[in-house]
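Each chain gets a letter, A, B and so on, in the order its sequence line appears, and its residues count up from 1.
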Amino acid sequence: MDSGGVVDNFGWGWPDSEVEAVAVQEGLRGRVRAATPEGFRPRTATGLDVHYTDVLTAAVCTVDLETLELVDSAIFQGPESFPYVPGLFAFRELPLLLRALDKLTTPPEVLVCDGQGLAHPRRFGLACHAGVLTGIPALGVGKNALGDFDQPGPRRGNWSALTDDGEVVGRALRTQDNVKPVFVSVGHLMDLDTATDLVLTLTPRYRLPETTRQADHLARS
DNA sequence: GCGACAG
DNA sequence: ATCTTGTCGC
């Protein structure tokens with residue numbers, strides 16, 4: 001099962017059992033780079049989301065970081081190929097998301113994933129997986145977290161550490177005053193400060209990033 | 001051992 | 001993820 005396009009699966013491919021899936025994560029986790037490349041100045045950000053009906057609809061939307069307006073988008077539909085298992089989320093959504101990314105006219109500069117990156121039991125959530133396979137900088141924004149955190153301050157921009165087994169794996173970030181925080185973590189080729197800044201840029205008005213909102217709309221239309 | 005568990 | 005109306009607030 002090939003994902004096509006520029007994706008490099010590093011010989012791991014797609015598993016069809018939970019045991020194999022965990023092995024893939026263990027095999028790829030060492031490829032994650034949590035440093036922002038020199039001169040990283042993205043002009044756009046691409047959001048990824050999947051909607052569930054009889055089939056899965058993967059949608060990807062690229063927005064201009066200056067205006068937050070949609071500049072490119074694509075969808076790809078397909079059947080469910082892996083069950084939902086917490087911690088193995090990427091195997092369910094990523095095959096379709098990669099195909100959707102291939103349909104974009106302009107190459108993505110940053111992937112904004114709907115879920116976790118390093119804030120994952122094996123430090124290899126969806127955002128890490130997407131980043132490593134594509135080689136594109138990536139970050140994760142989850143609506144819920146797996147780790148432990150103290151409530152951040154009440155104002156937009158306030159944040160607190162998200163930890164797991166005593167390790168800092170991300171941040172609980174308040175994107176709007178007095179609104180439940182989102183959970184930001186590094187996916188690939190990016191540090192946590194950069195990821196946090198990007199998420200704040202993408203949330204001038206709403207709790208969730210504009211990329212995620214656009215992709216969500218497209219996926220359910 | 002038991003519960004909790006991204007979407 | 002999804003099943004679902006009204007309501008409060010900017």
Got a donor-acceptor contact below 3.5 angstrom from the [X] side chain to the [Y] backbone?
X        : Y        : result
A:Gln176 : A:Tyr206 : yes
A:Thr36  : A:Asp191 : yes
A:Arg220 : A:His217 : no

Verify the ring-centre separation between A:Phe91 and A:His129: is it less than 6.0 angstrom?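 Yes.
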Validation row: [X], [Y] side chains within 4.5 angstrom (heavy atoms):
X        : Y        : answer
A:Arg29  : A:Val132 : no
A:Arg122 : A:Glu26  : yes
A:Val112 : A:Leu198 : no
A:Asp164 : A:Leu146 : no
A:Ser185 : A:Leu162 : no

Send over the distance from [X] [atom1] to [N] [atom2], rounded to a whole Å.
X       : N     : atom1 : atom2 : value
A:Asp49 : C:dT2 : CG    : C1'   : 13 Å
A:Phe82 : C:dA1 : CZ    : C1'   : 17 Å
A:Gln77 : C:dA1 : CD    : P     : 18 Å
A:Glu80 : C:dT2 : CD    : C1'   : 13 Å

Residue pairs, two or more places apart or on separate chains, that pass ring pair (Phe, Tyr, Trp, His ring centres under 6.0 Å) and touch residues 142-178 of chain A: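 The answer is A:Phe149-A:Phe183.
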Could A:Asp114 and A:Lys143 be called an ion pair, given the rule that one side-chain N must be under 4.0 Å from one carboxylate O?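 A:Lys143 and A:Asp114: salt-bridged.
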Identify whether the distance between the nearest side-chain nitrogen and carboxylate oxygen of A:Asp193 and A:Arg171 falls below 4.0 Å.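 Result for this pair is yes, salt bridge flagged.
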Closest-nucleotide ordering on DNA chain C, the 5'-leading residue of A:Asp216 and A:Arg205: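 Going by which nucleotide is closer to the 5' end, it is A:Asp216.
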Contacts under 3.5 Å, N or O only, protein and nucleotides 6-8 of chain C:
none

Scan [X] against the nucleic acid and name what it touches under 4.0 Å (heavy atoms): base, sugar-phosphate only, or nothing.
X        : answer
A:Leu97  : nothing
A:Leu126 : base
A:His51  : sugar-phosphate

Scan residues 134-156 of chain A against DNA chain B and write down, sorted by residue number, each residue with any heavy atom closer than 4.0 Å; if none is found, say none.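 Listed by number, they are A:Gly142, A:Lys143, A:Asn144, A:Leu146.
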Taking 4.0 Å as the cut-off, does a side-chain nitrogen or oxygen of A:Arg220 come that near to OP1 or OP2 on C:dT2?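 So the side chain of A:Arg220 is within the cut-off, an N or O lying under 4.0 Å from OP1 or OP2 of C:dT2.
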Sequence neighbours excluded, which residues qualify as side chain to side chain contact (heavy atoms under 4.5 Å, CB included) partners of A:Arg205?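 Testing A:Arg205 for side chain to side chain contact (heavy atoms under 4.5 Å, CB included), a comparison that skips the adjacent residues, returns none.
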Given A:Leu70, A:Leu68, A:Thr203, the one that forms side-chain contact (heavy atoms from CB on, under 4.5 Å) with A:Glu210: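 Answer to the side-chain contact (heavy atoms from CB on, under 4.5 Å) test with A:Glu210 among A:Leu70, A:Leu68, A:Thr203: A:Leu68.
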On DNA chain B, which is the earliest and which the latest nucleotide, 5' to 3', with an atom closer than 4.0 Å to a heavy atom of chain A?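 So the outermost contacting nucleotides come out as B:dC5 to B:dG7.
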Which ranges of DNA chain C pair up as stems, where a stem means three or more consecutive Watson-Crick or G-U pairs with both distances under 3.5 Å?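 The stems that DNA chain C takes part in number none, since no run reaches 3 pairs.
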